[in-house]
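Just so it is clear, the structure is predicted and the values come from calculations on it, not from any experiment.
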Amino acid sequence: MDQTAIQMKTEQQKMNGSQAVVHSLIAENVDLIFGYPGGAIMPVYDALYDVEDQLKHILTRHEQGATHAAQGYARATGKVGVCLATSGPGATNLITGIADAQIDSTPLVCITGQVASPLLGTDAFQETDIIGISMPVTKWNYQVTRAEEIPFALAKAFFIAKSGRPGPVLIDITKDAQFEMLDFNYKPFKGMRSYVPTPKLDLSKVKEAASLINSAKKPFVLFGQGVLLAEAEKEFKSFIEKAGLPAAWTIMGLSALDSDHYLNVGMLGMHGNYAPNKLTNECDVLIAVGMRFDDRVTGDLKRYAKQAKVIHLEIDPAEIDKNVKTEVAVIGNAKESLKELTKLITENKHTEWLEKFRTLEKEEFTEVINKELNPTSELMSMGEVLNKINQFSDQKNIIVTDVGQHQMIACRYAKFKHSRSSITSGGLGTMGFCLPAAIGAKMGKPDRQVIGIIGDGGFQMTIQELGTIFQFKTAVKIVVLNNEFLGMVRQWQELFFDKRYAATTMVNPDFQTIVKGYGIKTNKVEKRACLDDAIKDMLAYEGSYFLEVLVGKENNVFPMITTGASVSDIRLK
C-alpha cells in the first residue's frame with residue numbers, strides 16, 4: 001500500500017493519539033526517525049510496530065545520540081530530522097542536541113512522551129517540565145494534552161522547523177493523549193499571521209547594495225550556512241564570478257563553494273586562513289551572505305572592519321546589526337536576494353585586490369600549511385591525515401567532525417567538490433557530536449562516503465553509538481586522531497597558562513579491542529609508512545571501518561586569533 005493510500009485510509013477511520021503521531025509523520029514524508037523508548041512514549045512505539053515498512057526507527061544508544069543523528073540526517077539531506085524520546089531523563093537527554101540544532105539552524109522535530117495530564121505538576125515518576133526547559137533552545141515548542149490536537153500540532157511543528165531560518169521544534173505529548181481516540185484528518189500547515197518566515201525582498205535595498213559593490217575597489221564576501229539552507233549555491237557562484245569577488249567561508253558555510261574555486265580564499269575565524277582574516281580590515285565593502293558575525297569570526301568587534309561599508313544578506317532580521325553595524329541590510333531568502341543582486345552588479349575582475357590574497361596565501365603556505373601537511377617530525381600530524389584522505393578519495397565525501405583541534409584541521413584541509421559535504425557542530429561546539437551525526441548522515445545519504453573525524457576525547461563522549469552502527473550495519477568510516485590529550489584546551493594551556501596541563505591528559509582504553517567487540521573492522525596506524533595503505537583500505541572497504549591514527553601529542557593549530565584580539569592580529573605561529 002503506497003503512502004497516499006495509507007493516508008486516505010487513516011482519514012476514514014478513528015484512531016488513537018499514538019497512531020495519529022505515526023500517520024502524521026508518514027503524511028510529512030518522514031521515512032526515518034531516531035529515538036529511544038520508555039514508559040511515557042511507549043504507546044507511540046507500539047503504533048510504530050504496525051508501520052515498520054513505511055517508517056523506519058533507528059534505536060540509538062542514548063537520547064543525545066538520537067538528536068545528533070537527526071542533525072546529521074537533516075544537514076546531509078536538507079530534510080527535517082526527527083527524534084523520539086520518553087519523559088523525564090529521556091527528554092532532558094535531548095537538550096544538548098536541541099541547543100546545538102538551534103544555534104546551527106538545523107531543522108528538527110523532537111517528540112517526547114509526558115506523564116498523563118492529571119499528573120502534570122505533581123512530581124510524578126519521570127515527570128520533567130520539558131516545555132520550560134526547552135523553551136530557550138527551540139524555535140517553538142508545545143505540549144499536547146488531547147489527542148485531537150496531535151495532527152495540527154505536528155503539521156505546525158514541521159512547518160516552523162523547516163521554514164525561514166530553520167531550527168528545532170519540540171512537541172510534548174501526555175500519555176493519556178496518546179491513548180485517547182480521535183477522528184484523524186491531517187492537513188499540512190500553511191502559515192499564520194504572526195509568523196513571517198521569509199520576509200518580502202525590498203528591491204530598493206538590493207539596488208543600494210549593488211551600487212556599493214559596483215563602486216568598491218576592495219570588495220570582500222563572507223558566506224555562511226545561509227547559502228546552503230537557501231539552496232543558493234549556484235546563485236552565489238554566479239554572483240561572485242560576475243564581479244570577481246573574493247569569498248571566504250565560516251565553518252558552517254564550508255562546501256557551499258568548491259574548495260578549488262579561484263575566488264574561494266579560505267576560512268574565516270580563530271583558526272582560519274591568514275589572508276581572509278588579515279584583509280577583512282583592509283576591504284572597503286564587506287558583503288556578508290547568510291552568516292551571523294559570530295565572535296569566533298569577528299574577534300574584537302571594536303576593531304572589526306571599521307573601514308568597510310557592510311552589506312548583510314540575511315533571512316533573519318534579528319541578526320541585522322546584532323554584532324556588526326550594517327550599511328545596507330538585504331533581508332530575505334539568499335537564493336532570491338543573490339539572483340536579484342547579480343542582475344544589478346557590473347562585471348569586474350579586481351585583479352590587484354585578489355593578488356593581495358594570493359601573496360598572503362603564499363606566506364601562510366610557507367609558515368604553516370606546508371609544515372602541517374609535510375611534517376619533518378617522526379610523529380604524524382592531523383593535517384597530514386586529512387591530506388591523505390583528499391588524495392585517495394574523489395573529494396565528494398561527507399566529512400563529519402567533532403569539536404577540537406581535529407575539527408579546525410579538518411575544516412582547514414578537507415577538500416570538497418559537492419555541496420552539503422561538511423557537517424560540524426559550529427555554534428555550540430558540542431563534543432560527542434560526530435559519531436552519531438555521521439550515522440545520521442550516512443543513513444540519509446547511503447550512496448555517499450561518510451567519514452567521521454574525531455578526537456580521542458570526543459569519541460568517548462558518545463562511544464556507545466558504536467552499538468547503533470553494529471545493529472544497523474551502517475557503513476560509516478570513523479577516523480580517530482589520537483593525541484592522548486584534550487588537544488584544543490591543551491593548546492591554550494601551553495600558550496596562555498605556562499604549560500600547566502590541568503585535567504587535559506587522556507589515559508585512553510584500547511580502542512581497537514572495544515571496536516572489535518562491536519564487530520567493526522578496525523586498524524591502528526602508529527607509523528607514517530603505514531598511513532597510505534590504511535586510508536586506502538578504509539575508503540575501499542564496503543562496511544563500517546574504524547581507523548585510529550596516533551598523532552603528535554603537542555601539535556598546535558595555526559594560524560590563531562587569540563581571545564580579545566583583532567582579526568588583523570592573527571598569528572602564524
| Residues which pass ring pair (Phe, Tyr, Trp, His ring centres under 6.0 Å) with Tyr262, listed by chain and number, not counting sequence neighbours | none
| message | How long is the straight-line distance from CG of Leu313 back to CD of Glu319, given to the nearest 0.5 Å? | response | 13.5 Å
| task | For residues 402-439, pull every pair meeting ring-ring contact (aromatic ring centres under 6.0 Å, His included), keeping only residues two or more places apart or in separate chains. | result | His68-Phe433
| said: My understanding is that only residues two or more places apart in sequence, or in another chain, count here; which of them pass side-chain contact (heavy atoms from CB on, under 4.5 Å) with Leu354? | reply: Pro246, Leu263, Arg358
| field | Gln64 CD to Ile95 CD1 distance, which is reported to the nearest 0.5 Å | value | 11.0 Å
| With sequence neighbours excluded, what pairs up with Thr77 under the side-chain contact (heavy atoms from CB on, under 4.5 Å) test? | Tyr73, Lys79, Lys445
| note | By ring pair (Phe, Tyr, Trp, His ring centres under 6.0 Å), Phe496 pairs with (sequence neighbours left out) Trp492
| query | Rounded to the nearest 0.5 Å, how far does CZ of Phe223 lie from CG of Leu257? | reply | 4.5 Å
| field | Sole residue of Phe470, Phe459, Tyr518 in ring pair (Phe, Tyr, Trp, His ring centres under 6.0 Å) with Phe546 | value | Phe459
| said: Under the salt bridge (charged side-chain N to carboxylate O under 4.0 Å, His left out) definition, can you give me all pairs with a residue in residues 228-241, not counting sequence neighbours? | reply: Glu235-Lys335
| field | Sequence-distant partners of Phe239, ring pair (Phe, Tyr, Trp, His ring centres under 6.0 Å), two or more places apart | value | none
| request: Nearest 0.5 Å please: distance from the OG1 atom of Thr298 over to the CG atom of Leu268. | output: 10.5 Å
| message | Just to verify, which of Phe34, Tyr45, Tyr49 counts as forming a ring pair (Phe, Tyr, Trp, His ring centres under 6.0 Å) with His57? | response | Tyr45
| query | Is Asp294 paired with Arg292 through a side-chain N to carboxylate O contact shorter than 4.0 Å? | reply | yes
| request: Sort out for me which residue in Thr96, Thr67, Asp100, Thr424 forms a side-chain hydrogen bond (donor to acceptor under 3.5 Å, both in side chains) with Thr430. | output: Asp100
| Pairing residues for Tyr541 by the ring pair (Phe, Tyr, Trp, His ring centres under 6.0 Å) criterion, not counting sequence neighbours | Tyr545
| task | First locate atom CD of Gln54, then atom CG of Asp31, and finally report the distance between them rounded to the nearest 0.5 Å. | result | 9.5 Å
| Qualifying salt bridge (charged side-chain N to carboxylate O under 4.0 Å, His left out) pairs with a residue from residues 561-573, counting only residues at least two apart or across chains | Arg303-Asp569
| note | Quick note, side chain to side chain donor-acceptor pair (under 3.5 Å) partners involving residues 452-467, not counting sequence neighbours, are Asp456-Asn508, Gln460-Asn508, Glu465-Thr468
| About how many Å separate NZ of Lys356 and CZ of Phe220, when rounded to the nearest 0.5 Å? | 13.0 Å
| task | Starting from the C-alpha separation in whole Å, work towards a yes-or-no answer on salt bridge (charged side-chain N to carboxylate O under 4.0 Å, His left out) for Lys56 and Glu52. | result | CA-CA 6 Å; Lys56 185 176 182 180; Glu52 289 178 326; over 6 Å; no
| message | Per the salt bridge (charged side-chain N to carboxylate O under 4.0 Å, His left out) rule, what does the pair list look like for residues 382-403, sequence neighbours excluded? | response | Glu384-Arg528, Lys388-Asp532
| Partners of Asp510 by side-chain contact (heavy atoms from CB on, under 4.5 Å), sequence neighbours excluded? | Gln512, Thr513
